[in-house]
2 protein chains.
Amino acid sequence: MSWRKETRRAERGYHHGNLKEALLQAALGLIAEKGAAGFTFADAARMAGVSAAAPYRHFRDREELLSSIAQRGFEQFESRLTAAWDDGRPDTVTAFERVGRAYLAFAREEPAFYNAMFESGVPVDSNPALQAASERAFNIIRAAAERLAALAPPGTPRPPAMMMALHIWSMAHGVASLFSRGDAARRKLPMSPDELLEAEVLIYLRGLGFPTDRRPPAKSAEPPPVPPEASSGSGVPPGGPWGKPK
Amino acid sequence: MSWRKETRRAERGYHHGNLKEALLQAALGLIAEKGAAGFTFADAARMAGVSAAAPYRHFRDREELLSSIAQRGFEQFESRLTAAWDDGRPDTVTAFERVGRAYLAFAREEPAFYNAMFESGVPVDSNPALQAASERAFNIIRAAAERLAALAPPGTPRPPAMMMALHIWSMAHGVASLFSRGDAARRKLPMSPDELLEAEVLIYLRGLGFPTDRRPPAKSAEPPPVPPEASSGSGVPPGGPWGKPK
DNA sequence: GGCTCATGTAAAGGTCGTTCACATGAGCTG
DNA sequence: CAGCTCATGTGAACGACCTTTACATGAGCC
């Protein structure tokens, strides 16, 4: 794809013109290939066609580049979670599960971002902008949990919405990190990570008193459920993720 | 502690006598300090008082050292999980939750091992012994889930035991990895990781139809619960992890 | 046209991982 | 005990990386 700038010296002047962006893109590719640990500043420079010292004009050091990527990652993450949540349409539980799937999809489709965000060792508080982006993303989950909490049937113990949000986050991250990416995906599973997480969230929601039968409980006053975007292939078989109660 | 061997050249002969073990110990300390990514082979050699080339007599390369540590970690992990499970005493649910706490405790108290095992990028299948150790550890969780599954009340959808085991693993790993160790612990939480995980597992179990009231249901025929080993400080407040149902 | 300053370069210092030829000495063999 | 052998440790060297420093270039502005 985008050749032009990021090639050899001859094809451009002394000045690159867009080095910062080129470095970010190069790093993204390298991290996707070899992980944040294996990514090298020098490689990124080489890939952008500049000397090894040039990147230092745009990033204090290697870690700042990583941190920038993590920040961008959180921004994209936020936008994908927002889209998945879709303000709770068509119904809160459905939308909530969609957020879970979006989490996994992001981890799978944007391994470089996910790696930089959660597995690169970059401390969240190394950069205020990073921290802010991270919080904005989490707030989507939190807002969804808030709505869910408001809906929880009485008569069941009900944790604070914040705690519910953290629960969902930990489940999604746990599944993603153990089974859904890179080396971790080599652990052989009798089911897909998506199925695993979906079942987990369903059981959890049932534990909170939510009706989680997939069949619409009685055609309530909501529009017919939107077909989940990625129901092809590893979709949950009709009747729920693990079949009927015995 | 064990000084003696692992110091300077003068104090030992040309041969170290116990270098392999010394290197493992040194690496363990270094990883605990700076993470598996920051740990260097050269540093471990220095700490053991030998030249930078010496470690190559005992490990093919840096990764093999890491992999050895991960393997030992899984072995200790297994033994701690086994102890926590205590074959399901005094009752399955209680023991199951104890396993969850043991998981977190291990992640917190043995950060070096945990790091090498799950966050160092060492692929599980890089070494058959490592893979075997990892599977043995997981099998504890799996066996516990098996017992739990056999006990699940009818009338509720019931996932395969394997899936339950994976759910528990993902919750524990998610909480540990996001909130319970190193840099991640800097995310400020309104509760302790232990509380978070305990509540998560309780809700999950309730979703499976298990009665999870903390107050002993009526002083059943079991001995008074053993006080959890680390109940100081962040213990769960009486009345359950998040208070009563509204 | 000339100045300035952001941006890029080359060179150098320090650290690592890894390899190689060589040194040492523990333990066996006779 | 003499001598041999082989596992174990050494020092030097290579190439790669991160980072800093002094210097070069040229885009944009007066």
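Per chain, numbering begins at 1; letters A, B, ... match sequence-line order. On a predicted model such as this, the values are computed, not experimentally measured, just so you know.
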Gap between atoms CG and P, on Leu65(A) and dC18(D) respectively (whole Å) | 11 Å
Exactly one of Glu78(B), Glu110(B), Glu21(B) clears salt bridge (Lys or Arg N to Asp or Glu O under 4.0 Å) with Arg72(B), and that residue is Glu21(B)
Residues Asp87(A), Arg147(A): salt bridge by 4.0 Å N-O rule | yes
Between Arg142(A) and Ala165(A), is there a donor-acceptor pair closer than 3.5 Å when you use the side chain of the first and the backbone of the second?
-> no
Thinking salt bridges, do Arg101(B) and Glu195(B) make one under a 4.0 Å N-O criterion?
-> no
Could you check how far CZ of Phe41(B) sits from P of dT19(C), rounded to whole Å?
-> 10 Å
Residues of residues 51-59 of chain B with any non-hydrogen atom less than 4.0 angstrom from an atom of DNA chain C: list those, numerically ordered, please.
-> Ala52(B), Ala53(B), Tyr56(B), Arg57(B)
Sort out for me which residue in Tyr103(B), Phe138(B), Phe113(B) forms a ring pair (Phe, Tyr, Trp, His ring centres under 6.0 Å) with Phe77(B).
-> Tyr103(B)
Can a donor-acceptor pair be found between the side chains of Ser177(B) and Glu119(B) at a distance below 3.5 Å?
-> no
Ignoring the backbone of Leu19(A), work out which of dT10(D), dG8(C), dC18(D) is nearest its side chain.
-> dG8(C)
Interatomic distance, Asn18(B) CG vs dA26(C) C1' [rounded to whole Å] | 15 Å
Quick one: Asp43(B) CG to dC16(C) C1', roughly how many Å, whole number?
-> 10 Å
Atom CE of Met47(B) and atom P of dC16(C): how far apart are they, to the nearest Å?
-> 11 Å
Between Glu64(B) (CD) and dT18(C) (P), how many Å, whole number?
-> 11 Å
Phosphate oxygens OP1/OP2 of dC16(C): is one of them under 4.0 Å from a side-chain N or O of Arg46(B)?
-> yes
Atom CG of Leu23(A) and atom P of dC18(D) are separated, to the nearest Å, by 12 Å
